[in-house]
Chemist: 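Below you will find the structure I want to go over with you.
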Amino acid sequence: MSAQIDAYAALRVKLSPSANIYVQNSKDFGTATLRWSQYKSPDFTVVVEVAIEDDVVEAIKYANANQIPFLAYSGGHGAIAGLASVQKGIQISLAKLDSVEISETGTTATFGGGILSKKAIDTLWKAGKQTVTGCCEATSLLGPGLGGGHGLLQGKYGLISDQFVSARIVLADGTVKNVSSDSSDPDLWWALQGAGHNFGIVTSVTMRIYDAPNEDFWSFESYVYTQDKVEGLYERINALWPDGSQPSGLINFSVLMRNPAVDAEKPILIFFIVQNGCQPAESIYTQPFRDLGSVFTQSGSGAYTDIPGWIGLDEKSPSTMKLGLSVIRFPVNVQNYNLQAQREVYELFAKETSKTPEFSNSYIMFEGYPVHGVKAVPSESSAFPHRDDNIIIAPVVTYDNKANDPELDAKANEFGEKLRQTIFAASGQRELHAYANYASGSEKRESLYGFEPWRLQKLEALKKKYDLEGKFNHYASVL
Ligand SMILES: Cc1cc2nc3c(=O)[nH]c(=O)nc-3n(C[C@H](O)[C@H](O)[C@H](O)COP(=O)(O)OP(=O)(O)OC[C@H]3O[C@@H](n4cnc5c(N)ncnc54)[C@H](O)[C@@H]3O)c2cc1C
């Protein structure tokens with residue numbers, strides 16, 4: 001034990017004065033390592049909270065010299081089975097790398113590598129600016145962004161990673177690179193936009209930003225439906241916005257879940273429409289959903305920064321908090337809703353959550369982000385492989401497994417996979433496309449990174465060049 005303390009002291013002297021080291025069982029270690037999901041979570045013996053880029057370099061060099069695995073931590077919402085391959089590791093916490101610098105031209109901003117979405121959104125907003133971020137305030141900018149990154153503004157501007165202009169990245173051996181489309185590493189730049197977690201720790205990223213005029217308000221309407229409305233809801237969504245044709249400023253999504261206060265027996269559906277530039281949301285979009293007959297309808301208007309609160313993704317919402325639960329997602333992309341599959345999935349969800357009450361806080365997300373901006377970017381130009389897909393569906397199996405019961409984990413996987421396969425089978429698609437940032441870890445590599453053989457070949461070659469020893473293989477590995 002004393003040798004271990006000495007070893008960290010040796011690291012400490014190399015770090016900047018504002019960096020911290022938290023050893024296991026120390027006061028701050030528990031808080032620093034909290035995660036959104038406990039399922040297959042990584043195991044750490046020490047946290048290095050870095051304050052400057054060079055601290056990341058030193059932490060990685062120390063880990064390599066002592067053959068210790070390491071993992072970056074920004075928002076702590078990463079949840080994929082591969083994370084459990086980090087055993088007795090070093091967590092490199094990036095929370096202090098949270099600066100925002102807006103360029104003189106006001107067209108780009110440089111963000112610290114650990115910044116959370118909320119700080120990025122709020123800081124830009126105060127300056128009359130915005131850019132694509134994830135919708136959840138508590139996740140980071142780069143956790144989502146390095147895997148592509150879906151967000152409310154993607155209909156206009158594309159994915160989070162489509163906004164990248166340049167980045168500083170610490171590679172597996174501790175060397176630092178400044179990468180951009182013009183740099184000497186164009187393939188690394190390509191990989192950072194969709195498979196970025198596999199190649200290094202990004203200490204800062206410069207992104208395109210856009211004017212956000214004060215009068216540019218947003219509106220929402222939400223509806224709570226009982227089980228008899230399943231077909232009606234998805235039929236209306238298909239009819240209004242076939243094949244991803246919804247306007248670029250309109251987001252629709254629904255959640256299937258249990259809420260005993262509304263229906264003690266059966267799961268319910270909550271459906272949201274969020275629209276940019278009008279007050280209230282346009283009736284051509286809302287009236288069909290009012291006519292369907294909801295138990296409860298809510299609406300409102302406000303600023304872009306109000307949206308996470310409306311849709312339950314603000315930092316105080318239970319869905320974004322670190323509650324000590326196990327959460328596994330089973331994503332599958334589709335083009336339109338298959339009504340029969342929506343019913344089958346509903347019944348399956350109802351049956352299993354009734355039979356296994358441990359899963360009663362599970363839910364299924366049906367995300368209809370606008371896709372114009374995403375599809376406008378050529379597919380081959382980045383490592384993000386699923387630009388042609390319209391809808392992201394993700395069963396989210398949620399349960400308390402503090403007792404570490406492997407049978408409960410296995411049951412959760414079986415449940416989530418059954419839901420996913422029901423949707424996939426009805427989609428008529430031959431390839432299962434899954435968003436890497438939602439993946440459970442059981443997916444084929446092709447599902448996460450693309451079925452065109454050249455994609456995985458290119459990623460494999462890049463791994464050999466930049467991460468031969470697989471230091472960054474823990475999160476949605478391309479290998
Ligand atoms: C409630 C909730 C809402 C979500 N909403 C969205 C959404 O709107 N859009 C969307 O696209 N996704 C969304 N996601 C998925 C999200 O993209 C992933 O969960 C992502 O891993 C979260 O990143 P994080 O920084 O919060 O987590 P972390 O666990 O800290 O990081 C995730 C992975 O990224 C790596 N990483 C983090 N920072 C860096 C960095 N600077 N350089 C290199 N690697 C890094 C970590 O090592 C880890 O492997 C959501 C997830 C949750 C739980």
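Side chains are part of it too, since the values below use all heavy atoms of this structure and drop only hydrogens, waters and symmetry mates. As the structure lists them, so they are numbered: ligands from 1, and atoms in each ligand from 1.
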Chemist: Check this for me: Glu101, atom CD, are more than 12 non-hydrogen atoms of other residues, nucleotides or ligands nearer than 6.0 Å?
Modeler: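 Atom CD in Glu101 is not packed in, count stays at 12 or less.
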Chemist: Check whether any N or O atom of Gly78, backbone or side chain, sits under 3.5 Å from an N or O atom of ligand 1, and answer yes or no.
Modeler: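 It does: an N or O of Gly78 is found under 3.5 Å from an N or O of ligand 1.
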Chemist: List for me each residue that meets ring-ring contact (aromatic ring centres under 6.0 Å, His included) alongside Phe253, sequence neighbours excluded, and say none if there are none.
Modeler: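 Listed in chain order: Phe272.
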Chemist: Regarding atom 33 (C) of ligand 1: of the candidates Phe111, Tyr475, Tyr73, which has the closest heavy atom?
Modeler: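 Among Phe111, Tyr475, Tyr73, the closest heavy atom to atom 33 (C) of ligand 1 belongs to Tyr475.
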Chemist: When the aromatic ring centroids of Phe70 and His474 are compared, is their separation below 6.0 Å?
Modeler: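 For Phe70 and His474, the ring centres are not under 6.0 Å apart.
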Chemist: Would you mind checking which non-hydrogen protein atom is closest to atom 23 (O) of ligand 1, with the distance to 0.1 Å?
Modeler: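 The protein heavy atom lying closest is Gly143 CA, 3.3 Å.
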Chemist: Hey, would you say the Phe29 and Tyr22 ring centroids sit under 6.0 Å apart?
Modeler: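 Between Tyr22 and Phe29, which both carry aromatic rings, the centre distance is not below 6.0 Å.
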Chemist: Taking non-hydrogen atoms only, is Thr203 closer than 4.0 angstrom to ligand 1 via side chain, backbone, both or neither?
Modeler: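 Neither; no heavy atom under 4.0 Å.
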Chemist: May I ask you to list the atoms of ligand 1 that are less than 4.0 angstrom from any heavy atom of Tyr438?
Modeler: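 This gives 12 (N), 13 (C), 14 (N), 15 (C) as the contact atoms.
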Chemist: Nearest non-hydrogen atom to atom 43 (C) of ligand 1 belongs to which of Ala72, Gly200, Gly196?
Modeler: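 Residue with the shortest heavy-atom distance to the ligand atom: Gly200.
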Chemist: Assess the residue pair Glu443 and Tyr435 against the criterion (side-chain hydrogen bond (donor to acceptor under 3.5 Å, both in side chains)); give the C-alpha distance rounded to whole Å, side-chain angles, the decisive distance to 0.1 Å, and a yes or no.
Modeler: CA-CA 10 Å; Glu443 298 81 0; Tyr435 179 34; over 6 Å; no
Chemist: Identify the closest protein heavy atom to atom 19 (O) of ligand 1: which residue and atom is it, and at what distance?
Modeler: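 For atom 19 (O) of ligand 1, the nearest protein heavy atom is His77 O, 3.0 Å.
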Chemist: Should one rank Pro42, Gly75, Ser319, Pro308 by closest heavy-atom distance to atom 24 (P) of ligand 1, which comes out on top?
Modeler: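 The nearest heavy atom belongs to Gly75.
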Chemist: Taking only heavy atoms of Gly149, which atoms of ligand 1 are found under 4.0 Å from at least one of them?
Modeler: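 Those qualifying, in numeric order: 11 (O).
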Chemist: Which of the numbered atoms in ligand 1 are under 4.0 angstrom from any heavy atom belonging to Gly134?
Modeler: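 So the atoms of ligand 1 that pass are 7 (C), 8 (O), 9 (N).
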Chemist: Identify, by atom number and element, the atoms of ligand 1 in contact range of Leu71, meaning under 4.0 Å from any of its heavy atoms.
Modeler: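 Counting from 1, the qualifying ligand atoms are 47 (O), 49 (O).
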Chemist: Applying the side chain to side chain donor-acceptor pair (under 3.5 Å) test to Asp389, which of Lys375, His433, Gln429 qualifies?
Modeler: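 Among the candidates, only His433 passes.
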Chemist: Would you call Phe366 and Phe271 a side-chain contact if the rule is heavy atoms closer than 4.5 Å?
Modeler: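 Contact flag for Phe366/Phe271 side chains = no.
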Chemist: Hey, does Ile311 have a side-chain heavy atom less than 4.5 Å from the side chain of Val274?
Modeler: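 In contact.
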Chemist: One residue to check: Phe472. Relative to ligand 1, which of side chain, backbone, both or neither has a non-hydrogen atom less than 4.0 Å away?
Modeler: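 Near ligand 1, Phe472 shows nothing, with every heavy atom at 4.0 Å or more.
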Chemist: Can you report which non-hydrogen protein atom sits closest to atom 38 (N) of ligand 1, along with the distance?
Modeler: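 For atom 38 (N) of ligand 1, the nearest protein heavy atom is Ser74 OG, 2.8 Å.
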Chemist: In terms of atom number and element, which parts of ligand 1 are under 4.0 angstrom from non-hydrogen atoms of Ser140?
Modeler: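 Reading through ligand 1 atom by atom, the close ones are 23 (O), 24 (P), 25 (O), 26 (O).
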Chemist: Are Asp314 and Thr320 side-chain neighbours, meaning at least one heavy-atom pair lies under 4.5 Å?
Modeler: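 No, too far: nothing below the 4.5 Å cut-off.
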Chemist: Is the ring pair Phe199/Tyr466 parallel, tilted or perpendicular, if the boundaries are 30 and 60 degrees?
Modeler: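 Phe199 vs Tyr466 ring planes: perpendicular.
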Chemist: What I want to know is whether Val202 and ligand 1 share at least one N or O pair that is separated by under 3.5 angstrom.
Modeler: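 N/O-N/O distance below 3.5 Å exists for this pair.
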Chemist: N/O of Leu83 under 3.5 Å from N/O of ligand 1, yes or no?
Modeler: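 Between Leu83 and ligand 1, no N or O pair is found under 3.5 Å apart.
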Chemist: Which of the listed options, Arg329, His474, Met365, Gln91, holds the heavy atom that is closest to atom 51 (C) of ligand 1?
Modeler: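 Checking each option, the heavy atom nearest atom 51 (C) of ligand 1 is found in Arg329.
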Chemist: What is the ring orientation for Tyr223 with Phe289, classed by angle as parallel under 30°, tilted 30 to 60°, or perpendicular over 60°?
Modeler: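 Because their plane-to-plane angle lies in the 30° to 60° range, the rings of Tyr223 and Phe289 count as tilted.
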Chemist: Of the backbone atoms (N, CA, C, O) and the side-chain heavy atoms from C-beta on, which set of His197 has a member under 4.0 Å from an atom of ligand 1: side chain, backbone, both, or neither?
Modeler: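 Within the 4.0 Å criterion, His197 contacts ligand 1 through side-chain atoms alone.
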Chemist: For residues Ile393 and Ile364, determine if any side-chain heavy atom of one lies less than 4.5 Å from a side-chain heavy atom of the other.
Modeler: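 Ile393 reaches Ile364 side chain to side chain.
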Chemist: What protein heavy atom sits nearest atom 18 (C) of ligand 1, and how far away is it?
Modeler: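 Sorting protein heavy atoms by distance from atom 18 (C) of ligand 1 puts Asn437 O, 3.7 Å first.
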Chemist: Do the non-hydrogen side-chain atoms of Glu431 and Ser447 ever get within less than 4.5 Å of each other?
Modeler: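 In short, these two side chains do not touch, never coming nearer than 4.5 Å.
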Chemist: Do the side chains of Asn473 and Asp467 get nearer than 4.5 Å, heavy atoms only?
Modeler: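 In contact.
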Chemist: Counting each atom of ligand 1 from 1 as listed, which ones have a heavy atom of Gly76 under 4.0 Å away?
Modeler: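 Heavy-atom distances to Gly76 below 4.0 Å select 24 (P), 26 (O), 27 (O), 28 (P), 29 (O), 30 (O).
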Chemist: Evaluating non-hydrogen atoms only, which member of His150, Gln154, Arg168, Glu137 is closest to atom 9 (N) of ligand 1?
Modeler: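 Result: the heavy atom closest to atom 9 (N) of ligand 1 is in His150.
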Chemist: Any atoms of ligand 1 less than 4.0 Å from a non-hydrogen atom of Tyr369? List them with their elements.
Modeler: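 With Tyr369 as reference, the close atoms of ligand 1 come out as 8 (O).
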Chemist: Report, in ascending order of atom number, the atoms of ligand 1 lying under 4.0 Å from any heavy atom of Ile201.
Modeler: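 Those qualifying, in numeric order: 42 (N), 43 (C).
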Chemist: Compute the centroid of each ring, for Phe472 and then for His197, and state whether the two points are separated by less than 6.0 Å.
Modeler: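 No, too far apart.
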Chemist: Using heavy-atom distances only, which candidate in Val170, Leu142, Leu146 approaches atom 45 (C) of ligand 1 most closely?
Modeler: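 Checking each option, the heavy atom nearest atom 45 (C) of ligand 1 is found in Leu146.
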Chemist: Tell me which protein heavy atom sits closest to atom 3 (C) of ligand 1, plus the residue, atom name and distance to 0.1 Å.
Modeler: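 Answer for atom 3 (C) of ligand 1: Cys136 CB, 3.3 Å.
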